[in-house]
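We name chains A, B, ... by the order of the sequence lines, and we start the count at 1 in each one.
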Amino acid sequence: MNIQAIDIKKSFGTQIVLSNWNCSIPENKTTCLMGPSGCGKTTFFRILLGLTQPDSGAIYGMENQTITAVFQENRLCNYLNAIKNIQLVCRDLDISRQKLEDIFEQVGLDRSDLMKPIAELSGGMQRRVAIVRAIVPKSTFILMDEPFRGLDTENKKRVINCIHHMTGGKTLLISTHDFRDVESLNAELIEMGS
Amino acid sequence: MKLFISKQNSKLKKILSILFWLVVWQMTSQIVHQELLISSPILVLKTLASLIFEISFWKTVFYSVFRITSGFLLANLFGIILAILSYRFATIRFLLNPLISFVKSTPVASFVILVILWFGSKNLSIVISFLMVFPIIYTNTLQGIVNVNQQLVEMAKVFRIPFLSKFIYIYMHEVLPFYYSSCLIALGLCWKSGVAAELIGIPSGSIGERLYEAKIYLNSAELFAWTFVIILLSISFEKLYLRLLAYIKTGIENSV
């Protein structure tokens with residue numbers, strides 16, 4: 001079942017962020033959400049994640065979804081290392097440490113990086129840990145809010161390959177400002193107006 | 001190697017500074033030349049050496065240690081629980097605010113007299129050390145909870161992190177530095193206020209009573225010896241408790 005957003009309205013004080021927003025996110029496919037800054041992409045993500053309540057409107061198709069996410073900020077526990085950050089969100093997951101290390105290697109993080117506390121990693125490395133944290137746990141719907149921000153071309157390519165490899169059959173919604181991401185992710189496109 | 005040398009150096013400096021003040025003390029007592037006013041460190045040490053072989057000494061130490069640490073631990077328990085409840089329920093916070101301000105600004109002596117009137121002097125040091133420690137623990141813990149990174153809390157909600165993990169790895173880790181700093185203040189204060197309360201209330205078998213007797217009998221050496229015991233107990237309890245907190249922090253960081 002597709003995820004449907006019907007007539008979503010959201011304003012903060014006098015500022016209207018979403019006005020009668022409608023969209024359909026196809027099931028088991030990758031969709032890119034594009035739009036200028038401030039058009040309400042993050043607010044829409046927060047509504048989908050259940051972190052913000054819309055003023056009116058409804059979201060359908062979220063009932064049985066298991067969600068994971070990459071937030072606009074990395075939101076990692078800075079004092080834990082990369083492996084422990086993953087284990088924190090999926091302790092019951094049947095995944096070996098070796099497999100986790102392999103996944104991290106795919107996104108360009110070697111074993112020595114994984115042993116360091118997150119605070120000691122660069123911004124780009126932290127971003128990749130946040131992405132791995134979203135794609136490793138068992139989930140049906142993955143939301144990524146500007147996941148490639150701060151990544152260089154090479155690492156971005158690696159991350160996109162990893163996303164392709166790891167998220168087959170899942171519903172993905174990725175917000176981006178770069179039209180080339182839509183092509184490389186082989187994604188459907190939803191455009192948001194200002 | 002460098003770190004080892006600098007650690008050795010700092011230990012040596014510490015010992016030297018203590019020795020310096022002991023020499024100053026010895027010289028002052030020789031200049032004043034009145035054991036009644038200021039006993040020499042050697043005499044204090046001799047008095048202490050004779051005290052520790054008395055059973056009554058250990059009974060007295062146990063009496064005060066048990067009561068003062070009980071007051072401290074109870075204040076921690078109530079302070080933490082009420083801080084969590086205050087964060088969760090604004091009404092509790094509003095109700096507690098005036099009470100905390102009242103306890104903070106009321107002189108210890110007033111509390112001591114009230115507690116003696118209401119409950120007698122036997123458990124005086126428990127109540128007084130509780131009253132002195134509770135507002136510090138409560139205020140700092142609440143401040144710590146308020147400062148918990150809300151972005152991590154949201155992340156935990158989205159990823160459905162179990163309550164216990166969320167409590168340990170997000171809340172506890174973020175609140176611990178606030179709690180730690182409150183303990184640094186409270187640990188010394190509970191001993192100072194607890195013994196001061198015992199000195200006013202003179203509960204039988206307490207360190208306060210022994211200090212009072214030393215004063216009555218003008219036994220300056222015993223007064224100094226008991227003061228030294230209090231300092232030793234206070235520092236030992238402080239080191240032990242702070243080490244426990246550091247152990248908990250390391251435990252959180254090394255386990256998931």
Given side-chain hydrogen bond (donor to acceptor under 3.5 Å, both in side chains), test A/N161 with A/R158 step by step and report yes or no.
CA-CA 5 Å; A/N161 280 338; A/R158 283 180 176 150; over 6 Å; no
Please check if any side-chain donor atom of A/Q98 sits under 3.5 Å from a side-chain acceptor atom of A/D102, or the reverse.
yes
Exceeds 12 heavy-atom contacts within 6.0 angstrom, atom NE2 of A/H164:
yes
Does anything in residues 66-93 of chain B reach chain A? List residues with heavy atoms under 4.5 Å apart, or say none.
none
Show the atom names and distances, to 0.1 Å, of all donor-acceptor pairs under 3.5 Å that link a side chain in residues 6-20 of chain A to residues at least two apart or in another chain.
| from | atom 1 | to | atom 2 | distance (Å) |
| --- | --- | --- | --- | --- |
| A/D7 | OD1 | A/N22 | ND2 | 3.3 |
| A/K10 | NZ | A/Q53 | O | 3.0 |
| A/S11 | OG | A/D55 | OD2 | 3.1 |

Between chain A and each of B/K166, B/R160, B/E174, count heavy-atom pairs under 4.5 Å; write down the option with the most.
B/R160
B/F228: what forms a side-chain contact (heavy atoms from CB on, under 4.5 Å) with it, not counting sequence neighbours?
B/L48, B/L232
Measure distances from A/R133 to the heavy atoms of chain B and classify the residue's part below 4.5 Å as side chain, backbone, both or neither.
both
A/L143 versus chain B, the contacting section by heavy-atom distance below 4.5 Å:
neither
Basic-acidic side-chain contact under 4.0 Å: A/D178, A/K156:
yes
With a 3.5 Å cut-off and sequence neighbours excluded, list the donor-acceptor pairs that the side chains of residues 183-191 of chain A form with protein atoms.
| from | atom 1 | to | atom 2 | distance (Å) |
| --- | --- | --- | --- | --- |
| A/S184 | OG | A/R180 | O | 3.0 |
| A/S184 | OG | A/D181 | O | 3.4 |

